Amino acid sequence: PASHSRPCARPGFPRTLGQAQALDGICQLDLVISLNIPFETLKDRLSARWVHPASGRVYNMDFNPPHSQGVDDLTGEPLVQRDEDRPEAVAARLRKYKDAAKPVIELYKSRGILHSFSGTETNKIWPYVYSLLSSRIPPILSEEEH
């Protein structure tokens, strides 16, 4: 159970039914969180990513824009949008992900361990996720507190 062990899954995993079944062979999940974010919100956020190819620095035009539009803060070199970050590619990736994830969501829902949260802003969703996690995982005490 979560209260006695470290989490064995990572954010965004498992993404497919095969991955979920493989995960079952490693550990038993007792809590799965699904964040339901509108398609358009995800598409807009992912499509706002631009990179500096030489360094790999990533900018987001909404949350972390460069000081000067279209150029890297440190070198002044042009930023590029990767093919996979273009709006049409993002839309295709999201549709594919949704189709692959549906059976995974249904599996965990049928086990009664799925907790879903909907929204578009982290600061509005996080308090609910934190409340759930706080109710399931006891706080870690330092050596002095034991």
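Owing to the predicted nature of the structure, the values given are computational and were not obtained by experimental measurement.
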**Student:** So that I can tick it off, tell me whether Asp24 and Arg111 are bridged by a salt bridge, with the cut-off set at under 4.0 angstrom between side-chain N and carboxylate O.
**Tutor:** yes
**Student:** Measuring from atom CZ of Arg49 to atom CE of Met61, what distance do you get when rounded to the nearest 0.5 angstrom?
**Tutor:** 12.0 Å
**Student:** For a quick check under 3.5 Å, do His115 and Ser34 share a side-chain donor-acceptor pair by atom type?
**Tutor:**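 Their side chains do not contain a donor-acceptor pair, so the 3.5 Å distance test is not met.
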**Student:** Val51, Leu46: one ILVMFWY side-chain cluster at the under-4.5 Å cut-off?
**Tutor:** no
**Student:** Would Asp62 and Arg45 count as a salt bridge (charged side-chain N to carboxylate O under 4.0 Å, His left out) here? Give the steps.
**Tutor:** CA-CA 8 Å; Asp62 297 326; Arg45 287 186 187 172; over 6 Å; no
**Student:** Side chains of Thr41 and Asp44: any donor to acceptor distance under 3.5 Å?
**Tutor:** no
**Student:** Checking salt bridge (charged side-chain N to carboxylate O under 4.0 Å, His left out) for the pair Lys96/Asp99: CA distance, chi angles, key distance, verdict?
**Tutor:** CA-CA 5 Å; Lys96 184 176 178 182; Asp99 290 344; over 6 Å; no
**Student:** At their closest point, which heavy atom of Gly119 faces which heavy atom of Pro38, and how far apart are they?
**Tutor:**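 Nearest heavy atoms, Gly119 then Pro38: O-CD, 3.5 Å.
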**Student:** In Å and rounded to the nearest 0.5 Å, what is the CD1 to OG1 distance from Ile37 to Thr122?
**Tutor:**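 One gets 7.0 Å once the value is rounded to the nearest 0.5 Å.
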**Student:** Is the closest side-chain heavy-atom distance between His52 and Val80 below 4.5 Å?
**Tutor:** no
**Student:** Is the shortest heavy-atom distance from the side chain of Glu84 to the side chain of Val90 under 4.5 Å?
**Tutor:**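 With C-beta onward as the side chain, the pair stays apart.
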**Student:** Rounded to the nearest 0.5 Å, what separation is found between the CD atom of Gln81 and the CG atom of Leu79?
**Tutor:** 10.5 Å
**Student:** Grab the two heavy atoms, one from Pro14 and one from Tyr108, that are nearest each other, plus how far apart they are.
**Tutor:**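 Looking at all heavy atoms of both residues, the closest pair is CG-OH, 3.4 Å.
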**Student:** Count I, L, V, M, F, W, Y as connected when their side-chain heavy atoms are under 4.5 Å apart, and connections chain through other members. Are Leu17 and Tyr97 then in the same cluster?
**Tutor:** no
**Student:** Look at the side chain of Ser68 and the backbone N and O of Val71, then say whether any donor-acceptor pair between them is shorter than 3.5 Å.
**Tutor:**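 No, Ser68 side chain to Val71 backbone: no donor-acceptor pair under 3.5 Å.
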**Student:** Within the side chain of Asn64, is there an N or O that forms a donor-acceptor pair under 3.5 Å with the backbone of Tyr59?
**Tutor:** no
**Student:** Cluster question for you: counting only ILVMFWY and a side-chain heavy-atom cut-off of under 4.5 Å, with indirect links fine, are Val58 and Leu42 together?
**Tutor:**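 In one cluster with Val58: Leu42, no.
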**Student:** Nearest 0.5 angstrom please: Ile105 CD1 to Ser110 OG, how far?
**Tutor:** 11.5 Å
**Student:** Rounded to the nearest 0.5 Å, how far does CZ of Phe117 lie from CD1 of Ile125?
**Tutor:**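 Nearest 0.5 Å value for the CD1-CZ distance: 9.0 Å.
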**Student:** To the nearest 0.5 Å, how far apart are NZ in Lys43 and CZ in Arg95?
**Tutor:** 8.5 Å
**Student:** What I'd like to find out is whether the side chain of Val32 reaches to under 4.5 Å of the side chain of Leu29, using heavy atoms alone.
**Tutor:** yes
**Student:** Contact between Leu107 and Lys102 at the side-chain level, heavy atoms closer than 4.5 Å - yes or no?
**Tutor:** no
**Student:** Show your working on salt bridge (charged side-chain N to carboxylate O under 4.0 Å, His left out) between Glu88 and Arg86 and close with a plain yes or no.
**Tutor:** CA-CA 6 Å; Glu88 58 279 0; Arg86 296 188 190 280; 5.1 Å; no
**Student:** Determine, using the 4.5 Å side-chain heavy-atom cutoff (strictly less than), whether Tyr128 and Tyr130 are members of one ILVMFWY cluster.
**Tutor:** yes
**Student:** Would you call Asp85 and Ser47 a side-chain contact if the rule is heavy atoms closer than 4.5 Å?
**Tutor:**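 When only atoms from C-beta onward are counted, Ser47 and Asp85 do not touch, as no gap falls below 4.5 Å.
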**Student:** Same cluster or not: Leu74 versus Trp50, using hydrophobic residues (I, L, V, M, F, W, Y) connected whenever any side-chain heavy atoms lie under 4.5 Å apart?
**Tutor:**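 Looking at the clustering, Trp50 is in a separate group from Leu74.
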